[in-house]
Amino acid sequence: MIRRIISILLENEAGALSRVVGLFAQRNYNIESLTVAPTEDESLSRLTLTTSASDIEVEQITKQLNKLVEVVKLADLTEGDHVERELMLVKVKASGAQRAEVKRVSDIFRGQIVDVTSSTYAIQLSGTSDKLDAFIGALSESVVLEVVRTGVTGLSRGEKVLTL
Amino acid sequence: MNDKETPNNSSSDPELLSGGDALVRALQEEGVEKIFGYPGGAVLHIYDALFRQNLIEHYLVRHEQAATHMADGYARATGRPGVVLVTSGPGATNAITGIATAYMDSIPMVVISGQVQSHLIGTDSFQETDMVGISRPIVKHSFLVKHASEIPATIKKAFYLASSGRPGPVVVDIPKDITNPADLHPFLYPESVAIRSYNPAQRGHSGQIKKAAAMLMAAERPMIYSGGGVIQGEASELLKAIVTALGYPITSTLMGLGAFPATDAQFLGMLGMHGTVEANNAMHHCDVLLAVGARFDDRVTNTVSKFCPYAKIIHIDIDPTSISKNVAVDVPIVGPVSSVLTEMLAVIQNRPEPPTQDQTAALSDWWSQIEGWRAQNCLAYETDENLIKPQQAVQAVYELTKGQAYVSSDVGQHQMFAALYYPFDFPRQWINSGGLGTMGFGLPAAMGVQVAFPEAQVVCITGEGSIQMNIQELSTCSQYELPVKIINLNNRALGMVRQWQDMQYEGRHSHSYMDSIPDFKGLVEAYGHVGLSIKTPGDLRPGLEEAFSQKDRLVFVDIEVDPNEHVYPMHVAPNGSMRDMWLKKGVRT
Ligand SMILES: Cc1ncc(C[n+]2csc(CCOP(=O)(O)OP(=O)(O)O)c2C)c(N)n1
Ligand SMILES: [Mg+2]
């Protein structure tokens, strides 16, 4: 089982997303993360999802996705070199001595503090999922109040593009 | 869906039509002659539009499930999409089993369902159900119509999707306000349709086809395994030409029966769970397997890891997802069966060198081995002086219909007896729910065939369990005078369930009895039909002769058959290979 990032150009139509998600449930595939938004061409959405699958399984998954009428094109980004990013916002307790420590760890990870109160910080961090995991690990658990992550998005390196 | 439609070039201004009239007109434009349905609040505007025209004939069923099976039988027999019209809520949910049945067997179908008014969607309003949602996993595609002006293009797309590529059911859900008679829109029916995200393969890869042909021609123990795709893809004649040119053995799935003539000596009978000894053994021992329009279903392969251990596999299919889904193949060819087989036949006919002596000798050894398996006569059964054997009844039906009838079936032992003991020589002759295995399919499907071919002899071979799942359709048969012949192999049991309980549960017949079976003769007479009851082997032929002599009447023949009969051969499971079979009670290979 290898982690895969599948990137899909989807007709930007009501119900299209539910077909993609429904397919995963119906065929017993897993989705670890999912992100979707319209593209610069407003008739299309770009959907990125991560799943764990063997080579044989991912071949079935991509074929089944392609079979959905509203899927225009797709690519398994993990097949080649690619750039991937995930965005995370973390709200942490930041009072007393913790305040400086949280700031220090955030700086090390190149986080940005995007909201401040007398007792909390909200930190924004982007990078690979591993890096985000590492950041959470580096903050002592007791200070983390809330974590939100966007899920992975990405594109292929070099000339390769996923467009019409 | 971002596509280009070319409207009709008419000089005059387009006609103004309501959504309901536009829908009916669109169906006419598609050449629809018959539709099967049941009215209700959400489709009243559409029913009114139907009333005011006479090109399309509507068949009123007694349960929406039957409408879908009728449309399905019509589609299987003609190759044209079956059309269904149901109301929202319960009408739509009643149609679900039939949609799933069509989906599993890749049958072209367009299902139009009414929906509550647009502004009520999502409010749990009266007879509201999320039809697009509930049908999503069992349709090829679906549409929720948002505006009356979308109707022509949506219907065009629905028929195109249902019948192109790998066919399947398409749902078009239409809120009631969209068909409002007071709301008029210009009607322009698109001449063509292209959907940018949908491009089914038009032909196979020539290099792969050549490679496959070479592999086939070099085979020593070749085998051909054909499926429903050959029938759907109208490729029966091509298949016949290739099999004849090569002189190779061929088997068929349950869904593919009739694509190759069953009475031909090269045909080894059906394969799979209840396949013949010769077909299953030839599969197991072959060195090159050509799979055409078949999908390596688990009812065929038995344990996948033991499937065709010596074979290089060639697989032709229109649907890329079918390839290497269950069984890894060596030469995949994605494309329409007819175009791929045309190319393959040309390669075979222009074979550079004739087969070598060694090859000819190997093929003749292979045939001797196959004839050895065939000589085991695995379909033989013991007759009884007092009890009618179900096999015997099917054989009598075959003889009396001279092998020419359309035969539909339900699900159970009777279905397997029909598949094994009625040799089908023509494509589309055998009408059966193979993929979903839907009890209750047989009668309405037979009715759909009869609607398509009023003069044809249509037989439904069923069981007393299955027939009761849609028996209300006897009323529809009276209304439209559909002279279907129903052969009820009455074993007073959910026989197939009982067989498994005999074999795997030490004969504990948990709920496989039918304790309170109706008097079928009386029942069908109440519906205005002819009922016959046959109880002894001596009455079998005369009774059936009488039934078939009543050309214009529906005759229900209730045949009391041996309740203890099992279907054999039967794959040994779990962990068996294709050649591991039970041959009769307690005897296995
Ligand atoms: C709708 C539906 N429910 C349950 C089943 C499971 N099932 C398969 S065969 C069978 C028994 C069928 O009995 P009958 O129609 O009398 O046929 P027989 O096997 O006795 O010939 C059942 C219950 C099914 N295939 N379809
Ligand atoms: Mg029965």
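In what follows, chains are A, B, ... by sequence order, proteins preceding strands, each numbered from 1.
- Contacts with chain B (heavy atom to heavy atom, under 4.5 Å) involve these residues of residues 72-86 of chain A, listed by number: A:V72.
- In this structure, the separation between CD on A:E13 and CZ on B:F143 is 8.5 Å, given to the nearest 0.5 Å.
- Within a 6.0 Å sphere centred on NZ of B:K312, heavy atoms belonging to other residues, nucleotides or ligands number 12 at most.
- The number of heavy-atom neighbours closer than 6.0 Å to CD1 of A:I2, taken from other residues, nucleotides and ligands shown, is above 12.
- Contacts between residues 19-30 of chain A and chain B, counted as heavy-atom pairs separated by less than 4.5 Å, involve A:R19, A:Q26, A:R27.
- Across every non-hydrogen atom of B:T321 and A:Q64, the tightest pair is CB-NE2, 3.5 Å.
- Contacts between B:K146 and chain A at a heavy-atom distance below 4.5 Å involve the side chain alone, from C-beta outward.
- B:K157 places none of its side-chain heavy atoms less than 4.5 Å from the side chain of A:V69.
- A donor-acceptor pair under 3.5 Å is formed between the side chain of A:K63 and the backbone N or O of B:I323.
- B:R196 contributes atom CZ, which lies 8.5 Å from atom CG of A:L9 (distance to the nearest 0.5 angstrom).
- With a 4.5 Å cut-off on non-hydrogen atoms, B:L144 does not touch chain A at all.
- Contacts between A:A14 and chain B at a heavy-atom distance below 4.5 Å involve the side chain alone, from C-beta outward.
- When the shell of 6.0 Å around NZ of A:K93 is examined, it contains 12 or fewer heavy atoms from other residues, nucleotides or ligands.
- In B:K306, the NZ atom is crowded: over 12 heavy atoms of neighbouring residues, nucleotides or ligands sit closer than 6.0 Å.
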(request) Any chance you could lay out the side-chain contact (heavy atoms from CB on, under 4.5 Å) test for B:R166 and A:K67, step after step, and finish with the verdict? (result) CA-CA 10 Å; B:R166 180 178 181 170; A:K67 193 169 153 180; 3.9 Å; yes
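- Proximity to chain B (any heavy atom under 4.5 Å) is restricted, for A:L164, to the side chain, taken from C-beta onward.
- With sequence neighbours excluded, no residue satisfies side chain to side chain contact (heavy atoms under 4.5 Å, CB included) with B:N199.
- Within the structure, ring-ring contact (aromatic ring centres under 6.0 Å, His included) contacts touching residues 95-148 of chain A (residues at least two apart or in different chains) are A:F109-A:F135.
- The number of heavy atoms from other shown groups lying within 6.0 Å of CZ (A:R110) does not exceed 12.
- In this structure, CD on A:E70 lies 9.5 Å from CD1 on B:I195, to the nearest 0.5 angstrom.
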